[in-house]
Amino acid sequence: MHVFENPVFCALDTTSVDQAVNWTRALKGHVGGVKIGLEFFYAHGRSGYQAIAREGVPIFLDLKLHDIPNTVAGGLRALMLLDPVPAIVNVHCSGGSAMMRAAADAVDGRAKLIGVTILTSLSDADIVEAGFTADKDTADHARALAHLAQTAGLDGVVCSPHDVAGIKHATSSQFLTIVPGIRPAGTDAGDQKRIATPGSAIQAGADILVIGRAITGADDPAAAAHAITRDVETARG
Ligand code: C5P
């Protein structure tokens with residue numbers, strides 16, 4: 001049983017509303033949803049969000065909230081007033097369990113609430129510098145934070161393709177893993193380091209794949225999304 005029949009969410013990494021809407025129109029029916037983030041939302045806010053939402057695709061609003069419990073809960077309550085409500089929103093797990101519980105209360109089941117564990121841009125040395133204990137590496141800390149997120153009532157976490165299996169092992173089968181860093185076989189890795197193909201990420205247990213440039217940078221984004229979906233379907237068997 002899959003939460004999203006099509007697990008592919010396309011990252012609309014642009015500050016242009018026209019570009020984002022054009023991609024969304026082209027991809028409708030070929031992806032499970034689209035992801036918009038800080039840059040787009042800070043630039044265009046509610047009206048930009050609604051321009052995309054009008055196309056009728058589920059939206060992952062990737063704003064990664066991180067503040068005291070009361071402020072995060074207030075921010076999420078404001079986001080829950082968006083019409084339609086985003087399919088997925090997220091917070092930083094390192095905000096702590098009280099913050100995550102407050103976030104879960106605020107969302108109240110209206111969207112999937114996802115935790116960011118350890119940013120994949122951080123190395124083992126970076127997290128020690130930031131005050132994490134050196135006896136665990138980034139993967140161990142990500143697993144521990146995923147477990148804490150589940151206990152606090154979150155629906156899942158974002159993680160690298162290489163951490164999916166470990167996190168799935170440490171959490172319940174319903175706990176979602178959202179996985180960026182996906183590259184179809186033969187495409188350019190770009191700035192991503194820990195990559196996997198769509199099929200191998202699904203086989204490792206990924207529930208949602210966040211894919212940007214492999215779709216938006218293709219000559220025919222709909223065809224690229226369609227090919228990725230076929231790889232996913234083969235992996236699901
Ligand atoms: O173009 P590409 O497929 O690399 O885009 C991946 C998307 O996922 C981007 O929007 C990127 O910011 C996001 N992301 C990521 N790694 C994370 C979290 C989010 O690449 N750990």
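For ligands, and for the atoms within them, numbers begin at 1 and follow the listed sequence.
For atom 3 (O) of ligand 1, the closest non-hydrogen atom of the protein is Gly212 N, 2.8 Å. The single protein non-hydrogen atom nearest to atom 10 (O) of ligand 1 is Asp13 OD2, 2.8 Å, given as residue, atom name and distance. When hydrogens are left out, the protein atom nearest atom 15 (C) of ligand 1 is Pro180 CB, 3.5 Å; that is the closest non-hydrogen contact. Closest to atom 21 (N) of ligand 1, if we only count protein heavy atoms, is Thr120 OG1, 2.5 Å. Scanning the protein for heavy atoms near atom 6 (C) of ligand 1, the closest one is Gln192 NE2, 3.8 Å. Scanning all protein heavy atoms for the shortest distance to atom 12 (O) of ligand 1 gives Lys35 NZ, 4.2 Å.
Checked against a 3.5 angstrom limit, the closest N/O atoms of Asp62 and ligand 1 fall outside it.
Residue-ligand proximity: Leu119 is placed with every non-hydrogen atom at 4.0 Å or more from ligand 1.
None of Thr229, Thr234, Val232, Val8 except one satisfies the side chain to side chain contact (heavy atoms under 4.5 Å, CB included) rule with Pro198; the exception is Val232. Of the listed residues (Ser94, Cys93, Pro69), just one forms a side chain to side chain contact (heavy atoms under 4.5 Å, CB included) with Met100, and that residue is Cys93.
The closest donor-acceptor contact from the side chain of Asp155 to the backbone of Ile114 lies at 3.5 Å or more, if one exists at all. In this structure, the side chain of Asp231 does not engage the main chain of Thr197 through any donor-acceptor pair within 3.5 Å.
In this structure the side chain of Phe60 reaches within 4.5 angstrom of the side chain of Val210, judged on heavy atoms.
Within a 6.0 Å radius of CD in Gln50, more than 12 heavy atoms belonging to other residues, nucleotides or ligands are found.
For ligand 1, the atoms closer than 4.0 angstrom to any heavy atom of Arg213 are 1 (O), 2 (P), 3 (O), 4 (O).
Looking at Lys168 and Asp207, a side-chain N of the basic residue comes within less than 4.0 Å of a carboxylate O on the acidic one, giving a salt bridge.
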